[in-house]
Amino acid sequence: METNDNLYKIRHSLAHILAQAVLEVRPGSKLGFGPPIENGFYYDFILTEPLHEDDFKDIEKRMKAIIKNKQVFEKEDLKFDDAMARLEAMGEPYKQEYAKELFEKHNLEYLTFFKNGSFVDMCEGPHVENTKKIHPGCFKLKSVAGAYWRGSSDNQMMTRIYAWAFETKEELKEHVAAYQEALKRDHKKLGKDLDLFHIDDEIGKGLPLWLPNGTVIRDELEKFMRELEFKDRFQRITTPCLTKVQLYEKTGHLPYYAEGMFPFMEVKENEQDGHHTNYVLRPMNCPHHHKVFDSRKRSYRDLPIRFAEYGNVFRYESAGSLSGLLRVRGMCMNDAHIYCAEDQIEEEFLKVMKMHETVYHTLGLHNFWMRLSTWDPEDPKGKEKYVDDPAAWESTQDKVRAAMVKSGLPFNEVKGEAAFYGPKIDFQMKTVTGREETISTNQLDFAVPERLGLTYTDKDNEQKTPYCIHRAPAGTHERFVAFLIEHFAGAFPTWLAPVQVMILPVSENVLDYCNDLIEALRDSFVRVEIDTSNDSFNKKIRTNSKKRIPNMLIIGDKEAEEGTVTLKRYGIQEQDQFSKEEFITMLMDKIKNRTLES
RNA sequence: GCUUACGUGGCUCAGUGGUAGAGCACUUCCUUGGUAAGGAAGAGGUCACGGGUUCAAUUCCCGUCGUAAGCUCCA
């Protein structure tokens with residue numbers, strides 16, 4: 001605990017030192033906020049002239065000089081008038097704005113300032129005693145980026161400088177090395193290296209093309225999910241990507257999501273009565289599934305009804321947020337909707353969580369966490385953001401929470417992140433670059449079925465509205481595969497691997513035997529290839545290792561004579577020899593059981 | 001959408017005010033090699049696109065498109 005406090009002080013103090021150095025290089029620049037963050041700190045500026053990463057060396061040098069100077073952090077508390085006068089004298093309009101707010105909205109008596117050397121900053125602290133308490137080699141400037149003042153896009157864009165900082169030089173080194181190592185797993189890089197997907201300007205940004213190798217991974221995931229869904233008694237349906245806009249007026253989605261949809265297509269079909277029909281690419285599948293529910297009369301005996309579809313949806317995501325497969329404009333969702341009665345909610349939600357557990361366990365995924373997003377009754381914009389039905393919010397949240405507790409999966413709660421129609425459980429993960437993304441999202445919907453007039457006939461012959469659980473354990477193919485690429489660093493387990501077996505003939509004499517092998521494996525639907533290139537044997541080992549092929553079969557005279565194979569698995573030094581039959585049985589077993597090892 | 005940077009053969013990148021280069025990949029030939037690059041030859045680029053400055057622009061300037069990091073957004 002103490003060390004953490006110390007680290008916090010170091011990062012906080014370094015933020016001041018950074019600002020101090022930046023003001024030396026760009027005098028007259030204005031200060032924003034400069035807090036400690038995970039792995040370091042940042043500081044926001046309005047600069048008199050842009051800074052570039054080339055300037056980092058100079059700034060770091062100045063920061064080190066300040067550290068060596070043993071400047072003492074002196075605390076000073078100022079009342080409103082003095083504080084405002086001080087900030088005025090400092091010429092810091094943004095700090096002034098914030099100070100005013102602190103005094104007026106939060107009724108503070110005084111504000112704290114810290115002075116070190118010639119530099120003064122309004123700040124709560126705490127700081128290290130003096131700058132010499134910081135190891136001069138324990139920080140490194142990372143990047144320069146834009147950030148809105150106070151996080152609002154209505155405000156001015158400031159320049160943010162990010163930095164890493166730790167207690168020791170060694171920790172910094174370790175962290176930077178780990179980060180650089182992580183970047184090698186970036187799905188955009190591996191997607192190219194391993195021919196998984198391609199994004200083409202002439203198709204459009206955020207609209208990835210899945211190459212043969214990437215499509216194998218999608219298909220295998222889809223097969224996996226289909227099996228799980230079959231076992232949990234989901235029924236598959238197929239619905240179109242295009243729909244009339246009116247559908248979303250009726251569901252109530254339109255006011256919330258019009259901005260996130262592609263522009264409407266005006267179809268001039270019935271112009272005689274002065275009407276056009278507007279069509280739009282669907283941004284979600286739910287209303288289509290609701291319409292399938294509504295295609296006939298339903299009885300309470302039919303519930304729960306579970307409709308599943310790997311459905312394509314399109315969202316007009318802002319250009320600047322698009323990134324590889326992680327943020328796209330066209331995506332394919334592992335979607336399903338469960339229509340159930342109130343007393344079935346908990347059990348169904350629990351089953352959904354259990355399916356998540358199976359999926360994530362099978363894939364060996366551990367670096368994610370769960371978040372229960374609830375309605376925020378205090379949100380001033382709550383009436384616009386959420387369906388106005390406090391009782392329904394409370395009761396559905398309780399049911400979801402109860403199911404989560406029963407599932408035994410750890411989760412935390414966040415107010416104000418719910419969907420407009422109900423509470424939500426998200427599975428969150430971090431990309432190699434440290435950005436947080438949602439990998440799976442599940443909601444309990446108490447509002448839209450009613451708006452669409454969905455009903456079932458209950459025991460008492462009354463028409464009742466079903467609840468709807470939206471679930472997508474494997475999220476979208478795009479984001480989920482991106483996550484898997486980074487998770488496996490491109491070295492997929494055999495069942496997922498685009499090429500499962502690569503045969504490396506040592507010489508041309510054994511080609512007949514190799515072809516027998518290929519035929520036997522293909523009869524079992526194994527994705528097998530043979531490397532008949534003119535390359536040397538060494539080169540073949542290298543090339544196929546770099547492709548992260550999970551199983552390489554070395555076939556020479558010895559193997560051909562004995563009817564055996566020598567198996568070299570990805571990332572494993574030792575090799576094993578098996579009879580042809582033994583190998584095929586073992587391989588089929590691994591594929592069938594979806595084992596994690598290659 | 002915003003801030004900053006970047007855009008040179010399929011990939012990774014060098015370079016220049018006088019219309020381009022490397023390595024890998026690719027093609028052909030030689031080599032049939034037992035565990036991470038065998039050898040040789042060859043083909044491949046309107047230097048993202050549009051405009052401007054200039055005798056001359058891939059290089060300088062402006063715009064557009066695209067990409068990256070971050071911010072905003074993220075059903």
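Atoms considered below: every heavy atom in the structure, side chains included; atoms not considered: hydrogens, waters and symmetry mates. Model, not experiment: these values are computed from the prediction.
- Only one option out of A:Met333, A:Met331, A:Met429 pairs with A:Arg479 in a side chain to side chain contact (heavy atoms under 4.5 Å, CB included); it is A:Met429.
- The shortest side-chain heavy-atom distance between A:Lys430 and A:Asn367 does not fall under the 4.5 Å cut-off.
- Of the P atoms belonging to B:rC13 and B:rA48, the separation is 15 Å, rounded to the nearest Å.
- Within the 3.5 Å criterion, the main-chain N or O of A:Gly40 finds no donor-acceptor partner in the side chain of A:Tyr162.
- In this structure, the CD atom of A:Glu49 is 14 Å from the C1' atom of B:rU4, given to the nearest Å.
- Remark: C1' of B:rU4 and CG of A:Asp55 are 12 Å apart, rounded to the nearest angstrom.
- Taking atom P on both nucleotides, B:rC2 is separated from B:rU72 by 16 Å, rounded to a whole Å.
- One can place CG of A:Leu325 at 13 Å from P of B:rU67, the figure rounded to the nearest angstrom.
- When all heavy atoms of A:Cys332 and A:Glu478 are compared, the closest pair comes out as N-OE1, 2.9 Å.
- The gap from the C1' atom of B:rG70 to that of B:rA75 amounts to 24 Å, rounded to the nearest Å.
- Between the A:Arg569 side chain and the A:Asn551 main chain, no donor and acceptor come within less than 3.5 Å of each other.
- Whole-Å rounding puts the A:Lys192 NZ to B:rA68 C1' distance at 11 Å.
- The closest donor-acceptor contact from the side chain of A:His356 to the backbone of A:Val352 lies under 3.5 Å.
- Ion pairing between a basic and an acidic side chain is recognised when a charged N comes within 4.0 Å of a carboxylate O; A:Arg371 and A:Asp426 show such pairing.
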B/S/- along nucleotides 70-75 of chain B (protein heavy atoms under 4.0 Å) is BBBBBB
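- In this structure, A:Phe427 has its ring center at least 6.0 angstrom away from the ring center of A:Trp369.
- One interatomic measurement links the two molecules: CD of A:Glu53 to P of B:rA68, which rounds to 16 Å at whole-angstrom precision.
- Counted by atom type alone, A:Asp195 and A:Asn213 present zero donor-acceptor pairs between their side chains at under 3.5 Å.
- RNA chain B contains the following stems of three or more consecutive Watson-Crick or G-U pairs, with both distances under 3.5 Å: B:1-7 with B:65-71, B:10-13 with B:21-24, B:26-30 with B:38-42, B:48-52 with B:60-64.
- When the P atom of B:rA68 is taken as reference, atom CG of A:Leu183 falls 14 Å away, rounded to whole Å.
- Here, B:rU35 and B:rG23 have their P atoms 28 Å apart, quoted to the whole Å.
- Between A:Lys57 and A:Glu60 there is no salt bridge, since no side-chain nitrogen of the basic residue lies less than 4.0 Å from a carboxylate oxygen of the acidic one.
- A:His470 comes within contact range of no nucleotide atom at all, as no heavy-atom separation falls under 4.0 Å.
- The C1' atoms of B:rG34 and B:rG42 are separated by 32 Å, rounded to the nearest whole Å.
- Regarding contacts with the backbone of B:rA69, a side-chain N or O of A:Lys188 is found under 4.0 angstrom from either OP1 or OP2.
- Nucleic acid contact for A:Leu322: sugar-phosphate only, since backbone atoms but no base atoms lie under 4.0 Å from a heavy atom of the residue.
- The residue from A:Phe420, A:Tyr421, A:Phe446 that alone fulfils the ring-ring contact (aromatic ring centres under 6.0 Å, His included) condition with A:Trp393 is A:Phe446.
- Distance check on atom P: B:rA43 versus B:rC60 gives 31 Å, rounded to whole Å.
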Can you pull every protein N or O that's under 3.5 Å from an N or O on nucleotides 34-40 of chain B?
unit_1, atom_1, unit_2, atom_2, d
B:rG34, O6, A:Asp557, N, 3.2
B:rG34, O6, A:Lys558, N, 3.4
B:rG34, O6, A:Glu559, OE1, 3.2
B:rG34, N1, A:Glu559, OE1, 2.8
B:rG34, N1, A:Glu559, OE2, 3.2
B:rG34, N2, A:Glu559, OE2, 2.8
B:rU35, O2, A:Gln575, OE1, 2.8
B:rU35, N3, A:Gln575, OE1, 2.3
B:rU35, N3, A:Gln575, NE2, 3.1
B:rU35, O4, A:Gln575, NE2, 2.8
B:rA37, N7, A:Arg542, NH2, 3.3
B:rA37, N6, A:Arg542, NH2, 2.6
B:rA37, N1, A:Arg542, NH2, 3.4
B:rG38, OP1, A:Ser536, OG, 3.1
B:rG38, OP2, A:Ser536, OG, 2.6

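- With both ends at atom C1', the span from B:rG15 to B:rA20 equals 8 Å, rounded to whole Å.
- Nucleotides B:rU46 and B:rU8 have their P atoms positioned 14 Å apart, rounded to a whole Å.
- Under 4.0 Å is where a charged nitrogen must lie from a carboxylate oxygen, and between A:Lys568 and A:Glu574 no such pair does.
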